[in-house]
There are 2 protein chains.
Amino acid sequence: MPSSQKLTRSELKHSAILEAARLEFAEHGFQNTSMDGVSARAGVSKRTLYNHFSSKEELFDKITECLWKQDDSIVYCPKRPLKQQLRQLAEKKLELMASPGYVGLARSVMGEYMRSQEMAQAAMARFEENEDGVSIWFQAAMQDKRLREGDPKMIAHQFYGLLKTFALWPQLLAHQPAPTNEERDVIIEQSVDMILAYYQQ
Amino acid sequence: MPSSQKLTRSELKHSAILEAARLEFAEHGFQNTSMDGVSARAGVSKRTLYNHFSSKEELFDKITECLWKQDDSIVYCPKRPLKQQLRQLAEKKLELMASPGYVGLARSVMGEYMRSQEMAQAAMARFEENEDGVSIWFQAAMQDKRLREGDPKMIAHQFYGLLKTFALWPQLLAHQPAPTNEERDVIIEQSVDMILAYYQQ
DNA sequence: GAAAAAGTAAACTGATGGGTGTAGTTTACT
DNA sequence: AGTAAACTACACCCATCAGTTTACTTTTTC
């Protein structure tokens, strides 16, 4: 019999808890998730849960850490058409937003953090750090004289704003399904074209 | 002595409760607001509170009703420049979003309704009904051949999306202050110009 | 001025839920 | 086989909070 089982029981329990918590938080949000519920779903006693994570907050933090680790950087290429590069970026972004589990978790983080001014500011700052990569791209295109002058950060914000208007806020706030592939293409096309119509020279 | 006091004690209590609840909900959200807190802030006994409003939900509904009653309709005028008309509309919209108490309440409604799929959908549907007025305007401008063909609803969504990207979501989600007058003008100018750059013919 | 309507304070109910303590059982390792 | 670490079941503590009850006072109204 092959030793396909390298994980100790404790490690199995640990990841079972994480997985169960991820689902529970995504379904019910932070406040409406109970530790009893998590432990039941994980098939673990409540005491074990607390042996692995000392509080509900700590568990929540561990779960949501991955949400902040996205990479939206893109290298500006002087040879390729702007439209192509922007479209590629948008595709990457929408793919993430549509990935399973992302929306539910993002929603429960929002719902929880929105209440506290500090936490909300910190969370959104981290969330929007990802726009830095794009604003660098816009700046490069600007210096290459392919876009007219403007504030790169604002342009990035406008670009992402258009995308989120159709592919994030409705899903987050109104539980709309992720856009279909056809819808996705239209959203990307329109957003890219609109930005370029305004800024390309 | 003038009879400036036409309100009965009961009416005074009633409005004191409404005002206190408005503030409490805006500050702490639905779940984190307690009926004890509301009655204390209103200077009213808890029993009196319950004599006026039979449950926390009912109170919340009464408070948030006004949030949905905005009117974004605008009459298309063939003679005036499109830019001028759109700018006027945007100003009206941003004025509402910046009005005191609006953001806090909107935030607590979001935070509460987001948890339930049905309520979230219903709430957002009502919230976005206001875009109907604008899409009718876009359609009229289209029929007047001053805009090129397109889906009026989508254009309205894009237009409002740009405005909200700078003047609603950051305030709602990240507790950012409302834009200053200067910022407001830039936001409006850019959003209007971008829409027209893409759709005007 | 008396009855009816409305308000008050404070204790209480019932349910929920985070977190702990304990006594006994299972698993892993030597 | 024996020990330590990890897990389980479950009772328990404690705080919060929606909503109620009671016994009593104030205001309104006729």
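Just so you know, these numbers use all the heavy atoms, side chains as well, and skip hydrogens, waters and symmetry mates. Lettering follows sequence order; numbering is per chain, from 1.
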Without decimals, in angstroms, what is the distance between B/E58 CD and D/dG19 C1'? 14 Å
By the 4.0 Å heavy-atom rule, please label A/S54 as base, sugar-phosphate, or nothing. nothing
I need the single residue from B/Q88, B/Q200, B/E189 that forms a side chain to side chain donor-acceptor pair (under 3.5 Å) with B/K83. Which is it? B/E189
Holding to side chain to side chain contact (heavy atoms under 4.5 Å, CB included), I want the full list of residues that pass it with B/L173, two or more places apart in sequence or in another chain. A/M110, A/M114, A/M124, A/W169, B/W169
Quick one, A/D72 with A/Y160, criterion side chain to side chain donor-acceptor pair (under 3.5 Å). Give me CA distance, side-chain angles, the key distance, then yes/no. CA-CA 11 Å; A/D72 287 4; A/Y160 273 5; 2.9 Å; yes
Chi angles and distances behind the salt bridge (Lys or Arg N to Asp or Glu O under 4.0 Å) call for B/E129, B/R126: CA-CA 5 Å; B/E129 262 173 27; B/R126 285 172 83 180; over 6 Å; no
In whole angstrom, give the distance that lies between atom CD1 of A/I17 and atom C1' of D/dT8. 13 Å
Would you check if the side chain of A/R184 reaches a backbone N or O of A/A167 as a donor-acceptor pair within less than 3.5 Å? no
Could you tell me the separation between the CZ atom of B/F60 and the P atom of D/dA18, rounded to a whole number of Å? 13 Å
Contact list for DNA chain D against residues 24-41 of chain A - heavy-atom distance below 4.0 Å: none
Evaluate the ring planes of B/F60 and B/F25, with Trp represented by its six-membered ring, and classify them as parallel (under 30°), tilted (30 to 60°) or perpendicular (over 60°). perpendicular
Pairing stems for DNA chain C [at least three consecutive pairs; Watson-Crick or G-U; under 3.5 angstrom]: C:1-30 with D:1-30
CD (B/Q201) with more than 12 external heavy atoms under 6.0 Å: yes
Can we say A/E112 and A/R115 salt-bridge, meaning some charged N sits less than 4.0 Å from an Asp/Glu carboxylate O? yes
What N/O pairs connect the protein and nucleotides 3-9 of chain C at under 3.5 Å? Give each pair on its own line.
| unit_1 | atom_1 | unit_2 | atom_2 | d |
| --- | --- | --- | --- | --- |
| C/dG7 | OP1 | B/H52 | NE2 | 3.2 |
| C/dG7 | O4' | B/R9 | NH2 | 3.2 |
| C/dT8 | OP1 | B/K13 | NZ | 2.9 |
| C/dT8 | OP2 | B/S45 | N | 2.8 |
| C/dT8 | OP2 | B/S45 | OG | 3.2 |
| C/dT8 | OP2 | B/T48 | OG1 | 2.7 |

Non-neighbouring partners of B/K46 that pass salt bridge (Lys or Arg N to Asp or Glu O under 4.0 Å), sequence neighbours left out: B/D36
Which pairs with one or both residues in residues 62-115 of chain A pass ring pair (Phe, Tyr, Trp, His ring centres under 6.0 Å), sequence neighbours excluded? A/Y76-A/W137
